[in-house]
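To find a chain, count down the sequence lines: A is the first, B the second, and so on, and within it residues start at 1.
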Amino acid sequence: VKLRFDPGPLRQTRWHGHLLRFVAGGAVTVATGLIAERWGPVVGGLFLAFPSIFPVSVTLLEKLQNREVGAGARGDRARRAAIAEAAGASTGGVGLIAFAMVAWLGLPHLPASLALGAAALAWAAAGFGTWAVRRVLAIR
Amino acid sequence: MGEHVARFVLGGFFVATFAVLGDLFKPKSFAGVFAAAPSVALATLALTVGLTGAGYAAHEARSMIVGALAFVAYASAVASILHRRGGRPRLVAALCAVVWIACAAVGWVLWLRPA
């Protein structure tokens, strides 16, 4: 399957799906802040990469795939989509490691906007780079 | 209270935005990269720098390296279990949080625990 831009799933996602992700994201960010307040930055920092949103995304994905199949859906298509999503997330996780390393090294020495901007770029480069490498190796 | 509202709005915004970006691409494995976007981290670190300083935020980022390694193990476990054993994706994704907790705990003991 070639990489392509496809806004179809975005149109199929119902508005409450977007709202759910917004609320979940907000709640997790508040919870992470509370953990850091209570137990300090070392423990709080761990939870910056806690997979709290991923189960929500997989749930929405599963519902969407089953809805597309219609009545009698056995979940096979949803499972295949979830496997692909999880495999992609594992390569995105490599990007998260790069993000954290650049932020750790950059924040004490650079303006915060620059350090976090560089960290976000590192996430994109490492995450999508790893995805591309895995794809090339899988094809061969 | 204002700080928590700011965290909620900023975190929700980043999470929803990266999720929308993920919905725009195929194949699903590419879109999945967005499922590991640093949404919560961006919101948290940006606010932490403003509230408690860059040094505190850098400490959080250092710990996040361990959390991110645990995330790679978690996502790999979800993909592997669904592939080999099947099951309901949402259930597997929720239960595999145990993998993240175990890996994060090991990383904390080996690297982060105060001497």
Inset, instruction - Measure distances from B:Tyr74 to the heavy atoms of chain A and classify the residue's part below 4.5 Å as side chain, backbone, both or neither. - result: side chain
Inset, instruction - Please examine the side chains of B:Met64 and A:Phe99, heavy atoms only from C-beta on, and report whether any two atoms are closer than 4.5 Å. - result: yes
Inset, instruction - Quick one: which of B:Gly22, B:Ser76, B:Gly67, B:Gly86 has the most heavy-atom pairs under 4.5 Å with chain A, could you say? - result: B:Gly67
Legend entry - Under 4.5 Å from a heavy atom of chain B, the part of A:Leu19 involved: neither
Inset, instruction - Look only at the side chain of B:Ser63 and the backbone of A:Val42, and say whether a donor-acceptor pair between them is shorter than 3.5 Å. - result: yes
Legend entry - Short side-chain to backbone donor-acceptor contact, A:Glu85 and B:Ser29, under 3.5 Å: no
Inset, instruction - Step through it carefully: locate the ring centre of A:Phe47, locate the ring centre of B:Trp100, and say whether they are under 6.0 Å apart. - result: yes
Inset, instruction - Side chain from CB out, backbone as N, CA, C, O: work out which of these in B:Ala46 comes under 4.5 Å of a heavy atom of chain A, or both, or neither. - result: both
Inset, instruction - May I ask you to name which of B:Ala79, B:Ala94, B:Ala77, B:Pro38 has the most heavy-atom pairs under 4.5 Å with chain A? - result: B:Pro38
Inset, instruction - Calculate, to the nearest 0.5 Å, the distance between atoms CG and CG belonging to A:Leu46 and B:Leu112 respectively. - result: 5.5 Å
Legend entry - Minimum heavy-atom distance B:Pro27-A:Trp131, with the two atoms named: CG-CZ2, 3.9 Å
Legend entry - Cluster check B:Trp108, B:Leu110: I/L/V/M/F/W/Y, side chain < 4.5 angstrom: no
Inset, instruction - Would you give the length of the straight line joining atom CZ of B:Arg62 to atom CG of A:Leu105, rounded to the nearest 0.5 angstrom? - result: 11.0 Å
Inset, instruction - Would you give the length of the straight line joining atom NE2 of B:His59 to atom CG of A:Leu107, rounded to the nearest 0.5 angstrom? - result: 11.5 Å
Legend entry - Full working for ring pair (Phe, Tyr, Trp, His ring centres under 6.0 Å) between A:Phe128 and B:Phe34: CA-CA 9 Å; A:Phe128 295 120; B:Phe34 288 97; 5.3 Å; yes
Inset, instruction - Quick one: do A:Arg80 and B:Leu82 satisfy side-chain contact (heavy atoms from CB on, under 4.5 Å)? Show the steps, please. - result: CA-CA 8 Å; A:Arg80 281 197 299 274; B:Leu82 283 174; over 6 Å; no
Legend entry - Top contributor to chain A interface from B:Ile65, B:Val72, B:Leu51 [non-hydrogen pairs under 4.5 Å]: B:Ile65
Inset, instruction - Could you look at B:Ala57 and say if it's the side chain, the backbone, both or neither that has a heavy atom under 4.5 Å from chain A? - result: both
Legend entry - Max heavy-atom pair count under 4.5 Å with chain B, selected residue of A:Ala103, A:Gly93, A:Ala89: A:Ala89
Inset, instruction - With a 4.5 Å cut-off on heavy-atom pairs, point out which of B:Ile101, B:Val66, B:Thr17, B:Leu45 contacts chain A the most. - result: B:Leu45
Legend entry - Proximal component of A:Leu61, with respect to chain B [non-hydrogen, under 4.5 Å]: side chain
Legend entry - Carboxylate-amine/guanidinium contact A:Asp6 B:Lys28, below 4.0 Å: no
Inset, instruction - Using a cut-off of under 4.5 Å on heavy-atom pairs, state which of B:Gly50, B:Ser39, B:Cys96, B:Ala37 scores highest against chain A. - result: B:Ala37
Legend entry - Most contacts with chain B, counted as non-hydrogen pairs under 4.5 angstrom, among A:Ile53, A:Val102, A:Ile83: A:Ile83
Inset, instruction - Using modelled atom types only, decide if a donor and an acceptor are shared between the side chain of B:Arg7 and the backbone of A:Gly33 within a distance under 3.5 Å. - result: no
Legend entry - Atom group of B:Val40 that falls short of 4.5 Å from chain A, counting heavy atoms: both
Inset, instruction - Check whether any side-chain heavy atom of B:Phe14 sits under 4.5 Å from a side-chain heavy atom of A:Thr29, and report yes or no. - result: no
Inset, instruction - Determine the option with the most heavy-atom pairs under 4.5 angstrom with chain A, choosing from B:Ala54, B:Ala16, B:Ala58, B:Gly55. - result: B:Ala58
Inset, instruction - Would you please indicate if the ring centroids of A:Phe50 and B:Phe71 are separated by under 6.0 Å? - result: no
